[in-house]
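Numbers restart at 1 for each chain; the letters A, B, ... are given by sequence-line order, proteins then strands. Scope of the values below: all heavy atoms of this structure, side chains included, with no hydrogens, waters or symmetry mates.
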There are 2 protein chains.
Amino acid sequence: MRYKTGYKEQRRKELLHISGQIAKKNGFAATGIDAFMKASGVTSGAFYSHFSSKNDLFKALLENELQNSIQMWQDNPFEDAEQWIEFELNRYLSLSHVERPAYGCVLPALASEVARSDLQLKQTYQAELMRGQQIFKHHLGSEEKAWAVLCQLIGAIIMARSIADENLKQTILTSSKALILSCLETVA
Amino acid sequence: MRYKTGYKEQRRKELLHISGQIAKKNGFAATGIDAFMKASGVTSGAFYSHFSSKNDLFKALLENELQNSIQMWQDNPFEDAEQWIEFELNRYLSLSHVERPAYGCVLPALASEVARSDLQLKQTYQAELMRGQQIFKHHLGSEEKAWAVLCQLIGAIIMARSIADENLKQTILTSSKALILSCLETVA
DNA sequence: GTCTATAGGCTGATAGAC
DNA sequence: GTCTATCAGCCTATAGAC
């Protein structure tokens, strides 16, 4: 029984990982259960032995993805405030992040769908998000700056993704980075 | 014939107006043609005498909504840079804007769906968006600041809309406003 | 221009064989 | 746990009456 439980949990993590990539790329609501499962090599019938409903998948997938993003922020190798944020801006505000949503942060990809979901899901989402915000607070020095910088990051990625011209995408990323840096300098 | 054309154009504008509100609130892809038309008091059969497809509606609706947002930025009564941006921040970064997406700016509501649409639609969207950005540039003094502030605005609204706690929503809005103001002061 | 009716496809979810 | 088969509902789009 222990053995079976371990297998199931591992399988569930695989399903969350693959489904997360597809949801970030194509949207969660826009993707059918069939498509999620096909990408994992199983049929839609198997889905319900892992999740009770599509909304249940959304909740689990969001938690998993948020934990991934938080992990990346924690793995930033710098402790010095200036270096930490510089590293994070370069990683987050990159053209590669804009063009490969499947492998990027969940926030710019699915925040709009969270905004239209029920209160219970928002509460789960908020709890995880606040853990991420605490990391930014630790390095930026204030609660407010942490929120504002997070907003700038996701706003820039969403904006750049909705733009057609490649050069303009880069301008938007560079402009956002410059604004954050110029603001943080005022207290350095 | 002139008469009939005028009627049809007016009707089309009404359809765009109502459909825009619903799309901003519930999402465009998530809403069926039937629901869009029912809100306007007609059936889905009538839809195709105004638009050639659902995607055609999306394009027209985006243009219309972007023009509305641009109009509001143009109608800002202040010319002085500091007053102009102060007015815009208070209007845009308000709890009422967060909680009533149907009557708010199209950018935070539908940018994620634009990000997943085809190149042609992104080009139309980009062209209108650049007109809006020019207004911000005129008052903020630089291309880059205009983009960065726009990113901050839409990021803050999206973030606040995905949060459960009312107080935290307000904290996010206030933090974003503070970041923008502190950044613009450095060159004032 | 709008209506009703309908085609054809996709969706979330369930039942039963293995 | 996964499969196939299936249901009931919704979707976009079209056809024909008025």
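The nearest whole Å value for the distance from the CZ atom in B/Phe58 to the C1' atom in D/dT12 is 16 Å. Taking atom CZ of A/Phe47 as the reference point, atom P of D/dT4 lies 18 Å away to the nearest angstrom. When rounded to the nearest whole Å, the span between OH of B/Tyr48 and P of D/dG16 equals 17 Å. Regarding A/Met37, its CE atom lies at a distance of 15 Å from the P atom of D/dT4, rounded to whole Å. We find that NE2 of B/His50 is positioned 16 Å from P of D/dA13, with the value rounded to whole Å. Counting to the nearest Å, the P atom of D/dG1 and the CG atom of A/Leu15 are 12 Å from each other. If you take CZ of B/Phe36 and P of D/dC10, they are 17 Å apart, rounded to a whole angstrom. Computed from coordinates, the A/Gln10 CD to D/dG1 P distance equals 13 Å when rounded to whole Å.
Panel note: side chain B/Asp56, backbone B/Ser52; a donor-acceptor pair is recorded below 3.5 Å. Of the possible polar contacts, one joining the A/Ser182 side chain to the A/Leu179 backbone as a donor-acceptor pair under 3.5 Å is found. With hydrogens and angles ignored, the 3.5 Å screen pairs a side-chain donor or acceptor of A/Arg161 with a backbone N or O of A/Val98.
Using a 4.0 Å cut-off on heavy atoms, none of the residues of residues 109-122 of chain B approach DNA chain C. Residues from residues 18-28 of chain B placing a heavy atom under 4.0 Å of any atom in DNA chain D do not occur.
A side-chain contact (heavy atoms from CB on, under 4.5 Å) with B/Phe51 holds for exactly one of B/Leu61, B/Ile33, B/Leu16; it is B/Leu16.
Contact check for B/Met37 versus B/His50: no side-chain heavy atoms found under the 4.5 Å cut-off. By the 4.5 Å heavy-atom criterion applied to side chains, B/Phe47 and B/Leu57 are counted as neighbours.
Listed by chain and residue number, nothing satisfies the salt bridge (charged side-chain N to carboxylate O under 4.0 Å, His left out) test with B/Glu113 (two or more places apart in sequence, or in another chain). Not counting sequence neighbours, A/Arg12 has no partner by the salt bridge (charged side-chain N to carboxylate O under 4.0 Å, His left out) test. For B/Gln21, the side-chain hydrogen bond (donor to acceptor under 3.5 Å, both in side chains) partners are B/His17, not counting sequence neighbours.
In this structure, A/Lys54 forms a cation-pi arrangement with A/Phe28, its terminal cationic atom sitting closer than 6.0 Å to the ring centre and no more than 45° off the ring axis.
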What N/O pairs connect the protein and nucleotides 4-11 of chain C at under 3.5 Å? Give each pair on its own line.
none

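Aromatic pair A/Trp84/A/Phe136: ring centres closer than 6.0 Å.
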